[in-house]
Amino acid sequence: MNKMSRIFLSLLFLVSFSAHATAAVDWPQAKAGMNFDKIEKIAVLEGGRKKPFDTFALESVRTITGKTKFKQFSPVELVIAWLTDTKRWESLPILDASYQPLQKQLRLSVEEGKISPLELSKNSEFILFTQTIISKQQ
C-alpha cells in the first residue's frame, strides 16, 4: 500500500469516526412551524426587573450555552424545550465550559467546550467549589 493510499484511508477513518462520535449524542430537534409570538411578549420578572420572555430567553441561552442560538433552536424554543423535557436536556452537553482555568480547577472533561448539567452536578470538585462559595456568602 503506497503512502497516498494510507493517508486516504486514515482520513476516511477519521471522518467516519468523527461523524459517528457526533451522531452519538441524540440531540432534540426544533419543531418546524411552531408560533411563539404570544409567548415571546409575556412579562417575566427577573432580578426585580420586568422583561419580555424573548429577552429573558435570549439572555438565559447566552449565559448557559455561550451562544445566542443553539442547535437550530431559537432562544424561546430552547428555554421552552428545557422546561418541558428537562430529563433529556440535563444529560446533554449544553453548559459553556470553554474557560480553560475552570476546566483545570474542576478537572472537567469537556466535549467541544461544553459539559452536561448532569455531569457537572456529579463532579466532586464542582460540588466542593460551590459549597465553598455558599459558605463564604453566609
For residues 46-59, tabulate all N or O donor-acceptor pairs below 3.5 Å that involve a side-chain atom, not counting sequence neighbours.
unit_1, atom_1, unit_2, atom_2, d
Glu46, OE1, Lys51, NZ, 2.6
Lys51, NZ, Glu59, OE1, 2.5
Asp54, OD2, Lys41, NZ, 3.4

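Looking only at side-chain heavy atoms (C-beta outward), Val61 and Thr68 stay at 4.5 Å or farther from each other. Residues Ser124 and Phe126 are not in side-chain contact: their nearest non-hydrogen atoms beyond the backbone lie 4.5 Å or more apart. At a threshold of 4.5 Å between non-hydrogen side-chain atoms, the residues Ile39 and Ile80 count as touching. Using a 4.5 Å heavy-atom cutoff, the side chains of Lys136 and Ile133 are not in contact. Residues Phe73 and Val79 form no side-chain contact, since every pair of their non-hydrogen atoms from C-beta on lies 4.5 Å or further apart.
No side-chain donor-acceptor contact under 3.5 Å links Lys69 to the backbone of Pro75.
Interatomic distance, CD1 of Ile42 versus NZ of Lys38, reported as 10.5 Å (0.5 Å rounding). To the nearest 0.5 Å, atoms CD (Glu119) and CG (Leu108) are separated by 7.5 Å. Rounding to the nearest 0.5 angstrom, the gap separating the CG atom in Asp37 from the CG atom in Asn35 is 4.0 Å. Gln103 CD to Ser98 OG: the interatomic distance, rounded to the nearest 0.5 Å, is 7.5 Å. The CG atom of Leu78 sits 7.0 Å away from the CD1 atom of Ile94 when rounded to the nearest 0.5 Å.
Residue pairs satisfying the salt bridge (charged side-chain N to carboxylate O under 4.0 Å, His left out) criterion with at least one member in residues 92-105, sequence neighbours excluded, are absent.
In the hydrophobic clustering of ILVMFWY residues, with side-chain heavy atoms under 4.5 Å counting as a link, Leu83 and Leu95 come out together. Linking Ile, Leu, Val, Met, Phe, Trp and Tyr residues whenever their side-chain heavy atoms come within less than 4.5 Å leaves Leu128 and Leu118 in two separate clusters. By the rule that hydrophobic residues join a cluster once side-chain heavy atoms approach within less than 4.5 Å of another member, Ile127 and Leu120 end up as members of separate clusters.
Scanning all heavy atoms of the two residues, the minimum distance from Asn123 to Arg107 falls at ND2-O, 3.9 Å. Closest of all the heavy-atom pairs between Glu77 and Ser74 is OE1-N, 3.0 Å.
Here Phe70 pairs with Trp27 under the ring pair (Phe, Tyr, Trp, His ring centres under 6.0 Å) rule; sequence neighbours left out.
In this structure, Glu90 pairs ionically with Lys87, as a charged nitrogen and a carboxylate oxygen lie closer than 4.0 Å.
Within a 6.0 Å radius of CD in Gln72, other residues, nucleotides and ligands contribute 12 heavy atoms or fewer.
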